[in-house]
Amino acid sequence: LEEELHTKLIIADNKGTILTEKGKLLAEKSSEFFDFLANLNGVQPPEAKLYAISLLAAYGIRDDFLTAFAQTAKNALPQMTIHATYTDSESLVSEFLANNYDLGLTYNTKINGKYSYDIPDKLAFVPLFKCNLYCIAHKDSVVANYKTISLNTLFRLKIPILLPLSDQQKSLTHLLSHFTDSPRIETLDSYLLFQKSLSNNLGVTISSRSIASANHMPITMANDCIAVKLNDDISVHLGYLINKENTSENLNIFLEYLT
C-alpha cells in the first residue's frame, strides 16, 4: 500500500510499530469508508458494547477518593457504568456475599502479617495500595519527643485516642481491639470538634497520611500538628474483594483497568 501511495504509513523499529500521521489519517478514513459501505447494503455498523459493574464500597473509601476514582474510570472506560453502593467496613463482607456484587472496595488492616478482617474462602481480597499508620498529635504533645512510637507506648502514656464518628472510627476501633492493653478512646461526633480537640492537645489520633489529607485533618494544616510513624507491624491496605467464581467479561475488563 505504501508503494501504491508513494508515502510512508508505518514506522517499525525494535520498540514496535506505530502509524505515521498519514497512516493515522488513512486508518480513520478507511473506517468511515467501510461504515459507508455497510450503510449502502442496509447493514448498520455494530455499536460499542456497554458494560455495567455493581460495586460495594466502604463509607471511608467514598469519603476518601471514590468520587474522583469513578470519574477517572468513566473517562478511561466510557462504555462502563459503575453502580456503587456503600456500607460500613464491618458489614461489607456479609453484604457483598448476600447481594452478589461484582466487586467490593475496602480497607483491611494488616497486623503482624495477618489481616484483621477475615475473608471467607469463596472470596479473595486483592491489595492495591499500602498505607503506613501514623500517630497525629499536637506539636506540644509528649508524642512529639518520639521519632517513632508503638501503640503499646501510647497506651502506657494514657493519652486519649481521639476518633471522629465515621467509618474510619469503626475500623480503628476494630484495629485497637487486637491489643491487650485497653486504650482510652474518645469518639467525637463532628470533625470540627475533632480538629479542635487535636489542636488543643487534648489527645492524639491514628491515621495514614493519605486518609488524613483526604479528610482534611489538622495534619494538612502543618502548623500545630505533627505525624509520628507507628513502629508496630501494622499497615492499612486498600484493595478489592471478588468472588473467586465470578469470571464475567464485565469484571475482567474493569479489573484490567483497575490493576
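If you're wondering where the values come from, they're calculated on a predicted model, not measured in any experiment.
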- request: Kindly compute the distance separating CG (D140) from CG (D224), expressed to the nearest 0.5 Å.
  value: 9.0 Å

task: Report yes or no: do N246 and S248 form a side-chain donor-acceptor pair below 3.5 Å?
output: yes

message: Is there a continuous path of hydrophobic side-chain contacts, each under 4.5 Å between heavy atoms, that joins F129 to L133?
response: yes

task: Please say whether more than 12 non-hydrogen atoms of neighbouring residues, nucleotides or ligands are located less than 6.0 Å from NZ in K114.
output: no

- prompt: Is there a donor-acceptor contact under 3.5 Å from the side chain of T205 to the main chain of L162?
  reply: yes

task: Could you tell me which non-hydrogen atom of K139 sits nearest to which non-hydrogen atom of A144, and how far apart they are?
output: O-CB, 3.3 Å

task: Mind checking side chain to side chain contact (heavy atoms under 4.5 Å, CB included) for I119 and listing every partner two or more places apart, or none if nothing turns up?
output: V93, N108, L123, F125, L241

- request: Mind listing the closest non-hydrogen atom pair of E95 and L56 along with its distance?
  value: CB-CD2, 3.9 Å

Main-chain N/O of D102 paired to S54 side chain as donor or acceptor, under 3.5 Å: yes

query: What's the spacing between F194 CZ and L192 CG if we round to 0.5 Å?
result: 11.5 Å

query: Between S207 and I136, what is the shortest heavy-atom contact and its length?
result: CB-CG1, 4.4 Å

Connected via hydrophobic side-chain network under 4.5 Å: L157 and L202: no

- prompt: Is any side-chain heavy atom of L230 less than 4.5 Å from a side-chain heavy atom of I149?
  reply: yes

- line: Between G203 and I159, the two heavy atoms sitting closest are CA-CG2, 4.2 Å

task: Would you give the length of the straight line joining atom CG of D232 to atom OG1 of T148, rounded to the nearest 0.5 angstrom?
output: 9.0 Å

task: Following the transitive rule for hydrophobic clusters with a side-chain heavy-atom cut-off under 4.5 Å over Ile, Leu, Val, Met, Phe, Trp and Tyr, establish whether I226 and L151 coincide in one cluster.
output: yes

message: Testing the 3.5 Å rule here: is there a donor-acceptor pair between the side chains of H237 and S235?
response: yes

query: If you take all heavy atoms of Y86 and A58, which pair is closest and at what distance?
result: CD2-O, 4.4 Å

field: Y101 backbone acceptor or donor facing N99 side chain under 3.5 Å
entry: no

field: With E186 via salt bridge (Lys or Arg N to Asp or Glu O under 4.0 Å) - residues at least two apart
entry: R184

message: For the backbone of S199 and the side chain of H138, can you confirm whether one donor and one acceptor N or O come within less than 3.5 Å of each other?
response: yes

Any side-chain heavy-atom pair of F96 and T106 under 4.5 Å: no

query: What closest approach, in Å, do D233 and G113 show between heavy atoms, and which atom pair accounts for it?
result: OD2-N, 3.7 Å

task: Report the distance from atom OG of S141 to atom CG of L198, rounding to the nearest 0.5 Å.
output: 9.5 Å

